[in-house]
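By convention here, the first residue in the shown sequence is residue 1.
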Amino acid sequence: MIFIYNYIKLTLWSTIYYYQKDKSEIIRKIIINTIKDSGCIAIKFSQWLLPKIESIYNINPHDPSYEWFRELEELYDNCNEHSIEYTYQIYNEDFQTSFQKEFEIDRLIASGSIGQVYKAKSKIDNKYYAIKCLHPNLKNQITFFEIIIWFLYNCPILKNYVKYYLPIKLTDFIKDFRIQINLINEANNCLKFGDFYKDNDKIIIPTLHKISERMIIMSYEEGIKYEDSSIDEYTMNKIFILMKLFIKNNEHILNFIHGDLHKGNWKVSIHDNDIKLIIYDFGFCWYLPEFLIDHLHGIDNTFFKASDDTIDEFAYYSHIIVNKICSKEEIKKEIEYIRNTLKLSYNNPYFLITLIINTMRRNKKLIDSYVIQSIIVHNQLYRSLKKYDISESNVEEHDYKEIVSEYYKRRILDIINYCDTYDIFQQYVLILKKEYEENKHLVKESKLINYDSLKNLAIS
């Protein structure tokens with residue numbers, strides 16, 4: 001099979017690039033093109049790895065020295081396409097009717113790692129729909145890739161390197177992918193989110209129209225990307241408050257995570273200052289691990305207020321996050337190492353993931369990929385908050401107690417007020433109110449942050 005040849009080619013070029021003193025831009029391009037040519041699994045695995053590598057190694061994609069990472073990010077958007085004839089064939093086989101009799105293609109929206117999405121107009125009701133069709137030969141490719149991962153974990157020369165540089169369960173990728181290549185699972189996830197947010201006017205979930213294992217048809221929801229230059233800073237602030245509420249609500253109330261909230265999988269609808277989030281692509285979703293559910297409130301509360309005075313509490317909840325596969329004392333030692341040697345502050349969003357990865361490496365353990373993915377989702381949110389908003393990571397550590405004070409004095413009340421005004425996220429609001437009551441003793445007068453941009457937050 002041609003994709004096996006491309007895997008061999010990819011291995012050879014990657015080895016050459018790794019040992020080059022002056023990294024060749026030409027070879028980088030060859031590697032990226034070879035990943036694309038190696039098939040959908042290689043592309044999806046690269047997409048699965050990129051945010052983990054970015055978080056584990058604290059990569060700043062805007063840093064000129066990480067040009068290679070920016071080039072790899074092309075794999076999110078510029079994937080190889082299959083023919084329109086193949087899409088017609090799958091529709092005709094799965095729904096026992098002619099695609100061309102029922103739909104007219106408006107445009108190809110995107111070709112992703114496992115499928116491509118079209119905007120199409122129905123000839124029956126004249127409405128626009130989003131139609132997703134899986135790429136061919138996915139099951140054969142995943143079987144071959146499963147063999148590769150087995151080899152990486154069992155080859156004496158490679159296994160220790162793999163477990164050190166990526167101390168996460170790569171086998172989770174296989175399990176996730178097998179779920180994603182049956183679109184009925186994606187449809188069920190979409191229905192779950194749709195039912196949960198049906199009364200929330202600020203979150204738009206597409207509605208299903210038709211579904212088979214290889215094709216899904218749902219309502220077409222038009223939106224713009226949050227980086228759109230026409231969005232002002234004040235509106236951007238509210239967008240990310242909504243996104244944070246969506247993520248936290250999924251964790252604390254639904255216990256069900258949308259695991260693929262990269263910038264291509266959500267957009268914004270803005271009409272007459274009415275801001276809504278549109279959420280897409282529910283193929284990669286999972287239930288929160290049981291060992292975390294009862295500790296979510298403590299984790300949020302402790303990590304936000306972390307300091308040298310609360311190191312025991314921080315170590316305890318970190319111990320919970322890694323499912324107690326190493327001792328709390330080992331975690332405390334790692335915290336001290338990160339603080340004293342790496343000079344990372346508690347309020348740095350990379351502190352927690354560095355702590356977990358370093359602890360796993362020292363103990364030669366592999367962490368649950370879902371735990372890492374949950375932290376990555378939060379790190380991505382923090383980076384956006386830092387870019388567009390006032391966040392705790394923008395300040396020096398010695399001012400951090402002031403930040404905590406300001407959050408409980410003003411910010412958390414603004415968020416509660418916003419939710420109450422629109423009658424949204426009311427179950428999560430109860431958690432916020434409990435958090436405020438538990439921490440309002442931390443409030444003190446402070447003028448560290450200018451909150452003018454947040455006035456009238458609940459009034460659109």
Q: Test His319 against Glu329 for side chain to side chain donor-acceptor pair (under 3.5 Å), laying out the working first.
A: CA-CA 9 Å; His319 183 228; Glu329 292 308 311; over 6 Å; no

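- Listed here is the closest heavy atom pair of Met360 and Leu366: SD-C, 4.3 Å.
- Looking only at distances, a side-chain donor or acceptor of Asn340 sits under 3.5 Å from a matching main-chain atom of Glu336.
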Would you tabulate the side-chain donor-acceptor contacts of residues 187-198 under 3.5 Å, counting partners in other chains and residues two or more places apart, or write 'none'?
from: Asn188; atom 1: ND2; to: Ile184; atom 2: O; distance (Å): 3.4
from: Asn189; atom 1: ND2; to: Asn185; atom 2: O; distance (Å): 3.4
from: Asn189; atom 1: ND2; to: Phe282; atom 2: O; distance (Å): 2.8
from: Lys192; atom 1: NZ; to: Tyr287; atom 2: OH; distance (Å): 3.4
from: Asp195; atom 1: OD1; to: Lys198; atom 2: NZ; distance (Å): 3.3
from: Tyr197; atom 1: OH; to: Asn249; atom 2: ND2; distance (Å): 3.0
from: Tyr197; atom 1: OH; to: Asn250; atom 2: OD1; distance (Å): 2.5

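- Looking only at distances, a side-chain donor or acceptor of Ser327 sits under 3.5 Å from a matching main-chain atom of Glu330.
- Here the straight-line distance linking atom CG of Leu352 with atom CG of Leu344 works out to 11.5 Å at 0.5 Å rounding.
- Proximity of a side-chain donor or acceptor of Tyr418 to a complementary backbone N or O of Leu413 within less than 3.5 Å is not detected.
- Put simply, CD1 on Ile357 and OH on Tyr164 are 10.5 Å apart, with the number rounded to the nearest 0.5 Å.
- Checking side-chain atoms of Gln426 against main-chain N and O of Cys419 turns up a donor-acceptor pair under 3.5 Å.
- Not counting sequence neighbours, Lys364 has no partner by the side chain to side chain contact (heavy atoms under 4.5 Å, CB included) test.
- Among residues two or more places apart in sequence or in another chain, the side chain to side chain donor-acceptor pair (under 3.5 Å) test is passed with Tyr57 by Arg361.
- The neighbour count for Gln20 CD, taken as heavy atoms of other residues, nucleotides or ligands under 6.0 Å away, is above 12.
- The pair Glu67-Arg70 counts as a salt bridge, with a side-chain nitrogen and a carboxylate oxygen less than 4.0 angstrom apart.
- The CD1 atom of Ile31 sits 4.0 Å away from atom OG of Ser14, with the distance rounded to the nearest 0.5 Å.
- A cation-pi contact, defined as under 6.0 Å to the ring centre and within 45° of the axis, is absent between Lys44 and Trp48.
- Checking side-chain atoms of Asp172 against main-chain N and O of Ser369 turns up a donor-acceptor pair under 3.5 Å.
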Q) Given the rule in the salt bridge (Lys or Arg N to Asp or Glu O under 4.0 Å) test, do Lys276 and Asp201 qualify, once you have shown the distances and angles that lead to the verdict? A) CA-CA 7 Å; Lys276 300 180 182 183; Asp201 188 54; 3.4 Å; yes

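- Between Lys267 and Glu222 there is no salt bridge, since none of the side-chain N atoms of the basic residue sits less than 4.0 Å from a carboxylate O of the acidic one.
- With a 6.0 Å cutoff to the six-membered ring centre and a 45° limit on the axis angle, Lys202 counts as a cation-pi contact of Tyr422.
- Ion pairing of Arg362 with Glu334 is present here, as a side-chain N (NZ or NE/NH1/NH2) and a carboxylate O approach within less than 4.0 Å.
- Asn301 and Asn439 form a side-chain donor-acceptor contact under 3.5 Å, judged by distance and modelled atom types alone.
- A cation-pi arrangement is not found for Arg178 relative to Phe173, the charged atom failing to lie both closer than 6.0 Å to the ring centre and inside a 45° cone about the ring normal.
- One finds a salt bridge joining Lys248 and Asp300 here, because a Lys/Arg side-chain nitrogen approaches an Asp/Glu carboxylate oxygen to under 4.0 Å.
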Q: For Asp281 and Lys132, run salt bridge (Lys or Arg N to Asp or Glu O under 4.0 Å): C-alpha distance rounded to whole Å, both residues' side-chain angles, the deciding distance at 0.1 Å, then the answer.
A: CA-CA 10 Å; Asp281 198 343; Lys132 180 176 181 179; 3.5 Å; yes

(Q) Using the rule given for ring pair (Phe, Tyr, Trp, His ring centres under 6.0 Å), can you reason through Tyr17 versus Trp68, listing the C-alpha separation, both sets of side-chain angles and the distance that settles it, and then say yes or no? (A) CA-CA 11 Å; Tyr17 184 78; Trp68 61 270; 8.2 Å; no

(Q) Let's go through Tyr220 and Tyr129 carefully: what are the C-alpha distance in whole Å and the side-chain angles of both, what is the deciding distance for ring pair (Phe, Tyr, Trp, His ring centres under 6.0 Å) to 0.1 Å, and is it a yes or a no? (A) CA-CA 4 Å; Tyr220 177 77; Tyr129 291 89; 9.6 Å; no

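- Relative ring orientation between Phe303 and Phe314 is described as tilted, the plane-to-plane angle lying within the 30° to 60° band.
- Other residues, nucleotides and ligands place more than 12 heavy atoms under 6.0 Å from the NZ atom of Lys23.
- Side chain of Thr341 to main chain of Ile338: no donor-acceptor pair is present (N/O by atom type, distance under 3.5 Å, no hydrogens or angles).
- Annotation: Phe151, atom CZ; neighbour count of heavy atoms from other residues, nucleotides and ligands within 6.0 Å does not exceed 12.
- One finds the CZ atom of Phe144 at 11.5 Å from the CD1 atom of Ile149 (value rounded to the nearest 0.5 Å).
- What you find for Thr235 and Ile275 is that their closest heavy atoms are CG2-CD1, 3.4 Å.
- To the nearest 0.5 Å, the span separating OH on Tyr153 from CG on Asn160 amounts to 12.0 Å.
- One distance of note links CD1 of Ile415 with CG of Asp420; it measures 12.0 Å at 0.5 Å rounding.
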